[in-house]
Amino acid sequence: MPEHYDPQSIEKRWQQRWSDEGTYVVDNDDPRPPFYVLSMYPYPSGPAHMGHVRNYTMGDLLVRYRTMRGDGVLSPIGFDSFGLPAENAAIKTGTHPRVNTEANVEALSDSLRRIGAAYDWRRVVRSHDPDYIRWTQWIFLKFYEAGLVYRNEAPVNWCPGCKTVLANEQVLPDGTCERSGDLVERRNMEQWFYRITAYAQELLDGLEPLDWPEKVKIMQRHWIGRSEGAQFGLPIADSEGNLRSDSEPLMVYTTRPDTSFGITFAVMSPEHPRVGELTTDEQSDAVEAFQKSVMDLSEIDRLSNAGNLDKRGVATGCYVINPFNGKSIPLFLADYVLMTYGTGAIMAVPGEDQRDWDFAMAHDCAIVRTVQPPADFDGEAYTGEGLAINSGFLDGMEMLQAKAAAIDWLESEGLGQRTVNFRLRDWLLSRQRYWGCPIPIVYCDVCGEKPVPEADLPVDLPDDVEFMPTGQSPLTTHEGFLAATCPDCGGLARRETDTMDTFVDSSWYFLRFADPWCDTAPFSATAVERWMPVDQYIGGVEHAILHLMYARFFTKALSDLGVAPKGIREPFRRLFTQGMIRLGGAKMSKSKGNLVAPEEILDFQGADALRLAHLQVKPPQEDVDWEDFGIDGCSKFLHRVWRLGVPGGSLTAGARSGPLTAIDEEVDRATHRLVNRVTREYDRWSYNTAVAGFMEFTNTLYRWIQSDDGPHADTLNSAVNTLLLVMAPAAPHLCAELWEGRNGGHIHTEPWPEADPAKLQDDMVTMVVQVNGKVRDRIEVQSDIGADAAEAMALASERIIEFLAGDIPVKVIVRPPTLVNLVI
RNA sequence: GCCCGGGUGGCGGAAUUGGCAGACGCGGAGGACUCAAAAUCCUCUGGCCGCAAGGCCGUGCGGGUUCAAGUCCCGCCCCGGGCACCA
């Protein structure tokens, strides 16, 4: 073997061998304990960027580590290959998304191989493969049958210039189209939805036992947004306050029924279906104008807190009655009341809600306090706890008691009931796009909306399409695609031209990996039973909410539908979210033109140095600036390891034989400590300190080798072998090459080394002696020293005697064998 | 505004339960090898005072608990991220 480390000459060879020998191929009847490691499958945008390298290095380390620990590790890879960028490129350059996407898949696959990532390549799935489309559609139809899919009107971003629907990211912050510059309108269109809200409670409850970052769980809980309160009706009145028996009460939802005596007005969403019915003739012009102005507002404007509340609401002229005290109160519309939350109408209690307070001030409404604020309270609305006042039968009650009493009263009077409400909304899955999975529905003039029969799946995307410069989906004008036969009457039908959100594809790919060969179902239940849930899922925190929520929903629904096993209720047992890479404080991205390409580093310092740099630079979960990477330091370190490990190398040529010295035994103990340390640190994702451990140990060996006595050949041999074993998951090529040269065989199939507990401690340790908490001396002591002996040694120390200057310690704290503290 | 993180040398960071602050790397200084340089190897490298031995200070700020605080408690400041009219 060459004395000089040359990554180029070894890395390709080992990548080939892992592939040829199927080192990381695992069958579904593998006898080893199953362990499923999954890094989120990437969108194929071309060769890997640094973010990919970081993500897939983390995952690969775990795959190789668990394999050495003796597990049969499932390590699949796939590609999230549908999506807007490929379609935009097609519109711009004319390159077909399929051509572009597949070239990118190849380029990214190459990159992944070049960084040494180990996958079972037989299991690759690509979202756009007909085989995958088929099962994505099949699942859609299963959900459709089960009532988990429905169609409804929903607002979309419509660009009048392009005559097409825009994704949120295509709308600029000023509300114009990024392509044409036209002002984007909000327009209602028929859209497909997944009924994820049916699982709201279960999605919330299921979070508890998951071994996920607490931060992600909190974000999901917040997103689901469960609240408890009451729903009840406000009877409709005329302007004199007389009950109008011809109208149903207006339903409102509140989390503060205890404050109901303080309701002094009510507010409806401008989209509320009863606006027309409840608006008086005198107010109808003003109300219509207001509704129109809200429609024209971009979502961003509407959600911002700016603007005067007097302009953001309008009176309907209608009155409603507060059922708690019988008082007649005005009904308004306001843009901040959302049709999508609760009942789309609220009761307003300005005394206890700041926004209601502000609105009341702007519209001259009464304000009544119903909770006693503390004596020193000098704010406006009081939102804290306190005793109920001005509240009839609730007076004097604490908040919780008053809530319960108010709801009990509503229920006994038959006016309303206790209600649980969620912020979570159903999942709008329609995309008016070409490059996505077609929705398998046809529309027959006679029979209406009909699912495509299972036997006719997949509904594939036609390739012979024209991309309009406007961005309109070519499916809407493709006669061959549009024409379909009605499965019921056999008559002519028109195909649905919307495609699915790409989050649909990524909501079940991890199940497909268990059995990508299955052609009778999306996956076989036995394979899923074996591998699922994913033991370790790895990805960016940017997917903390949507992707993870959707994947959890799919898993639960598929389980309930009997497609996946009953016991699989959660897809990802453990989740790790790694930080992103920035350059000069800014996120690296193609559009910013600040990418650092991994290729140059792979060509020069090699994959192992790049991997090590990613592991070493920072704790894996934190964001990192590219400037902080120490590629050269890592490369230098690998050269040091090479000189240490290369058989017959000049560095290690002078090793002794014969009896072992104390220093040899110390090195041996250090070797066991290394194993212990790296094992623990791999298990807790402390990869940066694991790398520090390699370096520290290597420094120890160098000093020993260059000491006067030199190293003992046997001790050195096992020390270096152990170093290679624990480094193998991090720097797989170099370790494999040196191992083969030294021992023959394949390091990645070697068992993980075990530390001998008896050798984890040195015989002698340094004990610090403090006086009043300050270190005044250090003494070498036996590591099994007792408390009395430790104290005696401390008191006998010359430096300590000097320091005490005759004082007798009033207190002595002894923590053998590391510390004695004398208090004087 | 609310909810999460975080703040430690010139820089990235390390520090099981409260027990030697600054591991490891980068950067810097010095030395060895060399005709010389690169590469390599070794040593030093928080600040201040001191020739030295050594001393004092030091983990965002201010208090507190403790024999002992980066770590625990109270009150602030700053930075990053998420959510944001959610009734």
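In this text, all values refer to a predicted model and were calculated from it rather than measured experimentally. The figures here come from the full heavy-atom set of this structure, side chains too, leaving out hydrogens, waters and symmetry mates. Throughout, protein chains are lettered first and strands after them, A, B, ... in sequence-line order, and every chain is numbered starting at 1.
- In this model, the phosphate group of B/G5 is not approached by any side-chain N or O of A/K215 to a distance below 4.0 Å at OP1 or OP2.
- Using a cutoff of 4.0 Å between basic side-chain nitrogens and carboxylate oxygens, A/E666 and A/R673 are not scored as salt-bridged.
- Rounding to the nearest 0.5 Å gives a distance of 9.0 Å between CG of A/D258 and CD1 of A/I407.
- A donor-acceptor distance shorter than 3.5 angstrom exists from the side chain of A/N772 to the backbone of A/I824, with no hydrogens or angles considered.
- Within the 4.0 angstrom heavy-atom criterion, only backbone atoms of the sugar-phosphate kind lie near A/Y702; the bases stay farther away.
- Looking at heavy-atom distances under 4.0 Å, A/R680 makes contact with a base.
- One C1' atom belongs to B/G63, the other to B/C77, and the distance between them is 15 Å to the nearest Å.
- Straight-line distance from the CZ atom of A/R776 to the P atom of B/C56: 5 Å, rounded to whole Å.
- Syn is the classification of B/G9, since its glycosidic angle stays within 90° of 0.
- Taking a cutoff of 4.0 Å between a charged side-chain nitrogen and a carboxylate oxygen, A/R677 and A/E696 qualify as a salt bridge.
- An OP1 or OP2 oxygen of B/G13 is reached within less than 4.0 angstrom by a side-chain nitrogen or oxygen of A/K618.
- Judged by closest nucleotide on RNA chain B, A/N772 is the one of A/N772 and A/A345 placed further toward the 5' end.
- Side-chain atoms of A/P619 lie closest to B/G13 of the nucleotides B/A87, B/G13, B/G55.
- Checked against the 6.0 Å centroid threshold, A/H614 and A/Y687 do not count as a close aromatic pair.
- B/C67 and B/A53 are spaced 28 Å apart, taking the C1' atom of each and rounding to whole Å.
- Under the 3.5 Å distance criterion, the side-chain polar atoms of A/R54 are matched with a main-chain donor or acceptor of A/P620.
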- prompt: Which parts of nucleotides 21-27 of chain B does protein reach within less than 4.0 Å, heavy atoms only, written one letter per nucleotide 5' to 3' as B for base, S for sugar-phosphate only and - for none?
  reply: --BSSS-
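- Contact between the side-chain N/O atoms of A/Y253 and the OP1/OP2 oxygens of B/A87 is not found at any separation under 4.0 Å.
- When rounded to the nearest whole Å, the span between CG of A/L701 and P of B/C41 equals 13 Å.
- Nearest heavy-atom pair across A/R226 and A/V420 is NH2-CG2, 3.5 Å.
- Looking at RNA chain B, the stems built from 3 or more consecutive Watson-Crick or G-U wobble pairs, each pair with its key distances under 3.5 Å, are B:1-7 with B:77-83, B:10-12 with B:24-26, B:27-32 with B:40-45, B:46-49 with B:54-57, B:60-64 with B:72-76.
- Between the side chain of A/K217 and the backbone N or O of A/E208, at least one donor-acceptor pair lies under 3.5 Å.
- B/U71 and B/G7 are spaced 14 Å apart, taking the C1' atom of each and rounding to whole Å.
- Taking the six-membered ring where tryptophan is involved, the planes of A/F576 and A/W685 are essentially parallel, since the angle between them stays under 30° and well short of 60°.
- Going from atom CD of A/E3 over to atom P of B/A39 covers 18 Å, rounded to whole Å.
- Taking atom CG of A/D625 as the reference point, atom P of B/G80 lies 13 Å away to the nearest angstrom.
- Nucleotides of RNA chain B nearest to A/E622 and A/T255 differ in position, and the one nearer the 5' end is that of A/E622.
- A ring-centre distance under 6.0 Å is found for A/F359 and A/F265.
- The CD1 atom of A/I779 sits 21 Å away from the P atom of B/G19 (whole-angstrom rounding).
- Within the 4.0 Å cut-off from OP1 or OP2 of B/A39, not a single side-chain nitrogen or oxygen of A/R643 is found.
- Contacts between residues 216-228 of chain A and RNA chain B, counted as heavy-atom distances below 4.0 Å, involve A/I218, A/M219, A/H222.
- Taking every side-chain heavy atom of A/K774 into account, B/C57 is the closest of B/G81, B/C57, B/C86.
- By the 6.0 Å and 45° rule, A/R640 stacks over the aromatic ring of A/Y702.
- Between A/D777 and A/S797, the side chains place a donor N or O and an acceptor N or O closer than 3.5 Å (distance only, hydrogens not considered).
- Taking A/D353 as the reference, A/R355 meet the salt bridge (Lys or Arg N to Asp or Glu O under 4.0 Å) condition, with sequence neighbours excluded.
- One atom, CE of A/M347, and another, C1' of B/C86, lie 14 Å apart when rounded to the nearest Å.
- Annotation: B/A52 and B/G62 have their P atoms spaced 31 Å apart (nearest Å).
- Side-chain atoms of A/R423 lie closest to B/A84 of the nucleotides B/A15, B/A84, B/A87.
- Using P as the reference atom, B/G80 and B/G30 are 39 Å apart when rounded to the nearest Å.
- Rounded to whole Å, the separation between the C1' atoms of B/G70 and B/G58 comes to 11 Å.
- Atom CG of A/D708 is separated from atom C1' of B/C41 by 15 Å (rounded to the nearest Å).
- Spacing between atom CD1 of A/I545 and atom C1' of B/C4 amounts to 12 Å, rounded to whole angstrom units.
- Rounded to whole Å, the P atom of B/G50 lies 36 Å from the corresponding atom of B/A14.
- The environment of A/M361 atom CE is sparse: at most 12 non-hydrogen atoms of other residues, nucleotides or ligands sit within 6.0 angstrom.
- Taking atom P on both B/G25 and B/U40, the two are 14 Å apart, rounded to the nearest angstrom.
- Within residues 814-824 of chain A, the residues having any heavy atom closer than 4.0 Å to RNA chain B are, in order of number, A/R815, A/L819, A/N821, A/V823.
- In this structure, of B/A15, B/G55, B/C57, it is B/G55 that holds the atom nearest to the side chain of A/F803.
- Without hydrogens or angle criteria, A/N676 side chain to A/A755 main chain gives no donor-acceptor distance under 3.5 Å.
- Qualifying side-chain contact (heavy atoms from CB on, under 4.5 Å) partners for A/E3, counting only residues two or more places apart in sequence or in other chains: A/S650.
- Side-chain atoms of A/K618 do not come within 3.5 Å of backbone N or O of A/N688 as any donor-acceptor pair.
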